[in-house]
Number of protein chains: 2
Amino acid sequence: MRKDSRLSRMLHVLIHMDHLDGPATSEKMATMLSTNPVVVRRTMAHLRDQGYVASVKGHGGGWTLAVPLSNITLLDIHQALGDSSVFTIGLTDEHTNCPIEIAVNLAIRDAMEQAEALLLERFKQVTLDKLTAGFADFQAEHHEPSPVE
Amino acid sequence: MRKDSRLSRMLHVLIHMDHLDGPATSEKMATMLSTNPVVVRRTMAHLRDQGYVASVKGHGGGWTLAVPLSNITLLDIHQALGDSSVFTIGLTDEHTNCPIEIAVNLAIRDAMEQAEALLLERFKQVTLDKLTAGFADFQAEHHEPSPVE
DNA sequence: AATACATGTAACTTTAAAAGTTTCATGTAT
DNA sequence: ATACATGAAACTTTTAAAGTTACATGTATT
Ligand code: FES
Ligand code: FES
């Protein structure tokens with residue numbers, strides 16, 4: 001099962017965007033994430049649809065933050081990326097009349113719902129500006145303002 | 001991403017095994033789960049390695065419970081199946097020196113670890129005998145003792 | 001001993017969704 | 001007109017569970 005690294009990637013990118021003057025192009029973000037510009041556009045499109053970023057076409061265009069980092073939580077980005085299940089664990093659906101399958105699935109689902117609720121609650125408590133601690137120091141010591149290594 | 005339905009399937013099978021007189025063959029379990037005997041053997045092998053079931057080769061052989069259902073928790077079976085990650089969410093590993101990637105991954109990992117801890121705690125609180133409620137009634141009303149529909 | 005049955009295991013193919021890629025249309029600043 | 005950048009369609013690749021095929025090994029019955 002391939003892991004979904006979109007949340008991790010988008011958070012990284014959003015925070016770097018906050019330190020830039022102009023728009024960030026998909027090309028530069030792709031280089032930073034060691035991936036393809038189309039993957040960046042595809043994923044960023046979800047965030048644009050929810051109003052967290054804006055995109056501008058053409059010369060000098062690119063992506064910019066539309067909302068301050070302090071107003072965006074991990075939960076916001078997680079939900080913007082779609083409501084796919086957070087768990088690799090799935091429930092069977094072969095004997096919907098079987099009381100054992102029903103009881104088993106109920107027990108697993110109950111535990112998963114509680115765990116997911118806690119996960120989302122934790123995501124909700126973290127705004128993106130809280131993740132920038134120590135960046136200024138690092139930037140001065142190691143490399144230029146560009147997020148590209 | 002394909003879901004891992006092994007936990008759900010194995011729990012269903014184990015509880016049905018408790019209602020049988022003799023051993024259950026991989027063939028019958030496969031029919032019950034709408035799958036292949038080899039898939040059953042492969043998955044059951046994990047439970048045998050941890051001592052929850054026993055297998056007997058040859059004529060009249062098959063699988064039997066080695067421990068009472070009241071002594072097995074969802075957590076036991078979950079862990080017996082291997083320690084693969086419970087989440088579809090993955091962390092990036094492209095800029096291990098970047099303080100932002102570090103902070104982002106730390107925040108996501110922290111939330112996931114708390115959520116997983118809660119999930120496993122819930123799994124630990126449910127023994128398999130608690131999932132059999134109402135099965136006797138159902139069995140009498142709907143079909144023969146065989147777990148095969 | 002022969003047979004039927006059942007597990008054990010190796011070596012594949014299939015599946016689903018994110019990720020990756022190629023290609024071209026559209027829009028915009030210089 | 002040109003260079004730059006997003007938008008989007010139409011693919012291929014990747015990963016681990018699931019599924020499949022084939023055969024060796026072991027065991028109860030006859
Ligand atoms: S398959 Fe569970 S009761 Fe028939
Ligand atoms: S890529 Fe995050 S600081 Fe350079």
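Proteins come first, then strands; the chains are lettered A, B, ... in the order of their sequence lines, and each starts at number 1. Heavy-atom basis, side chains included; hydrogens, waters and symmetry copies ignored.
- Side-chain proximity of A:Val38 to D:dA17, C:dA19, C:dT21: nearest is C:dT21.
- With rounding to whole Å, A:Asp4 atom CG is found 14 Å from C:dG20 atom C1'.
- Going from atom CZ of A:Arg9 over to atom P of C:dA19 covers 6 Å, rounded to whole Å.
- B:Phe87 places its CZ atom 19 Å from the C1' atom of D:dT15, with the value rounded to the nearest Å.
- For A:Arg41, no side-chain nitrogen or oxygen approaches OP1 or OP2 of D:dG7 to under 4.0 Å.
- Rounded to whole Å, atom C1' of D:dA18 lies 14 Å from atom CG of B:Leu81.
- Using modelled atom types, one finds a donor on one side chain and an acceptor on the other under 3.5 Å when comparing B:Ser85 with A:Lys3.
- Within the structure, every side-chain polar atom (N or O) of B:Ser55 is placed at least 4.0 Å from both OP1 and OP2 of C:dT7.
- Ranked by how close their nearest DNA chain C nucleotide is to the 5' end, B:Glu27 and A:Pro37 are led by B:Glu27.
- Between B:Arg6 and D:dG19 there is no side-chain N or O to OP1 or OP2 distance below 4.0 Å.
- Taking atom CG of A:Leu7 as the reference point, atom P of C:dA18 lies 14 Å away to the nearest angstrom.
- In this structure, B:Ile102 is not a member of the same hydrophobic cluster as A:Ile77, with clusters built from ILVMFWY side-chain heavy atoms closer than 4.5 Å.
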At a cut-off of 3.5 Å, list every protein nitrogen or oxygen paired with a nitrogen or oxygen from nucleotides 28-30 of chain C, distance to 0.1 Å.
from   : atom 1 : to      : atom 2 : distance (Å)
C:dT28 : O2     : A:His59 : N      : 3.3
C:dA29 : O4'    : A:His59 : O      : 3.4

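- Taking atom NZ of A:Lys3 as the reference point, atom C1' of D:dT15 lies 11 Å away to the nearest angstrom.
- Here D:dA17 presents its P atom at 18 Å from CE of B:Met44, a figure rounded to the nearest Å.
- Nearest to the side-chain atoms of A:Val39 among the listed nucleotides C:dA19, D:dA17, C:dG8 stands C:dA19.
- Remark: B:Thr25 is not in phosphate contact with C:dA6, judged by side-chain N or O atoms under 4.0 Å from OP1 or OP2.
- Judged by distance alone, the side chains of B:Thr92 and A:Ser8 do bring a donor and an acceptor atom under 3.5 Å apart.
- Between B:Ile89 atom CD1 and A:Phe87 atom CZ the span is 9.0 Å, to the nearest 0.5 Å.
- The heavy-atom pair separating B:Asn71 from B:Asp76 by the smallest distance is O-OD2, 3.8 Å.
- Residue B:Ala24 is in sugar-phosphate contact alone, with no base atom involved, counting any heavy-atom pair closer than 4.0 Å across all strands shown.
- Residues B:Thr73 and B:Gln125 have side chains that never bring a donor and an acceptor to within less than 3.5 angstrom of each other.
- Ring geometry for A:His16 versus A:His12: interplanar angle of 30 to 60°, hence tilted.
- Here C:dT30 sits opposite D:dA1 as a Watson-Crick or G-U wobble pair (both hydrogen-bonding atom distances under 3.5 Å).
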Run the side-chain donor-acceptor check on residues 58-67 of chain A: report pairs under 3.5 Å with partners two or more places apart or on a different chain.
from    : atom 1 : to      : atom 2 : distance (Å)
A:Trp63 : NE1    : A:Ser26 : OG     : 2.9

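- Remark: the B:Arg42 side chain and the D:dT20 base include a donor-acceptor N/O pair separated by less than 3.5 Å.
- What separates CE of A:Met10 from C1' of C:dA19 is a distance of 12 Å, to the nearest Å.
- For the pair A:Asn36 and B:Ala45, both in contact range of DNA chain C, the more 5′-proximal nearest nucleotide belongs to B:Ala45.
- Residue A:Ser5 has a polar side-chain atom (N or O) positioned under 4.0 Å from OP1 or OP2 of C:dA19.
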